[in-house]
Amino acid sequence: MALDREQVRKLIATVADTREDEIDCDTCLASMAEFAELELVGAEIPEALHRIRAHLEYCSECAEEYRVLLDAVGAVS
C-alpha cells in the first residue's frame, strides 16, 4: 500500500517530534492515576510526570483512557 503525500507528511512530522525521553503506553497507564490526581487538585506536576502529559498529547488511545479516568473521578466527586 502506497502512502499519499499527506500520510508521508504526517509520518515525517511524527518522527521529527520523537524525543529520547518518551514513555510507552504501559508506563503512561501505570502513572496516569497519580498524574490525574495532581492535575485535578491543581498541584504542581513533578518533573517525573511531565512525560505523562507529553505522551497524552500524541497517543490518542492513552488520551482516551485519561478522559475516561477524569470522567469517572468527576462522577464520584
Exercise for the section: Walk me through it: do Tyr66 and Ile52 pass the test side-chain contact (heavy atoms from CB on, under 4.5 Å)? Expected result: CA-CA 10 Å; Tyr66 187 64; Ile52 302 291; 6.0 Å; no
Handout entry: Derivation of the side-chain contact (heavy atoms from CB on, under 4.5 Å) call for Cys25 and Glu61
Key = CA-CA 9 Å; Cys25 293; Glu61 291 176 17; 5.5 Å; no
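Between the side chain of His55 and the backbone N or O of Cys28 there is no donor-acceptor pair closer than 3.5 Å. The closest donor-acceptor contact from the side chain of His50 to the backbone of Ile45 lies under 3.5 Å. Checking side-chain atoms of Gln7 against main-chain N and O of Asp4 turns up a donor-acceptor pair under 3.5 Å.
The CE atom of Met32 sits 9.0 Å away from the CG atom of Leu70 when rounded to the nearest 0.5 Å. For the atom pair SG (Cys59) and CD1 (Ile23), the distance works out to 9.5 Å, reported to the nearest 0.5 Å.
No continuous path of hydrophobic side-chain contacts links Val8 to Tyr58 [ILVMFWY only; heavy atoms under 4.5 Å].
Every residue was checked against the side chain to side chain contact (heavy atoms under 4.5 Å, CB included) condition with Glu44, not counting sequence neighbours, and none meets it. Glu39 meets the salt bridge (Lys or Arg N to Asp or Glu O under 4.0 Å) test with Arg53; sequence neighbours excluded.
Between Leu38 and Pro46 the shortest heavy-atom distance is CD1-CD, 3.6 Å. Summarising the geometry of Leu56 relative to Phe35, their closest heavy-atom pair is CD1-CE2, 4.0 Å, with the distance given to 0.1 Å.
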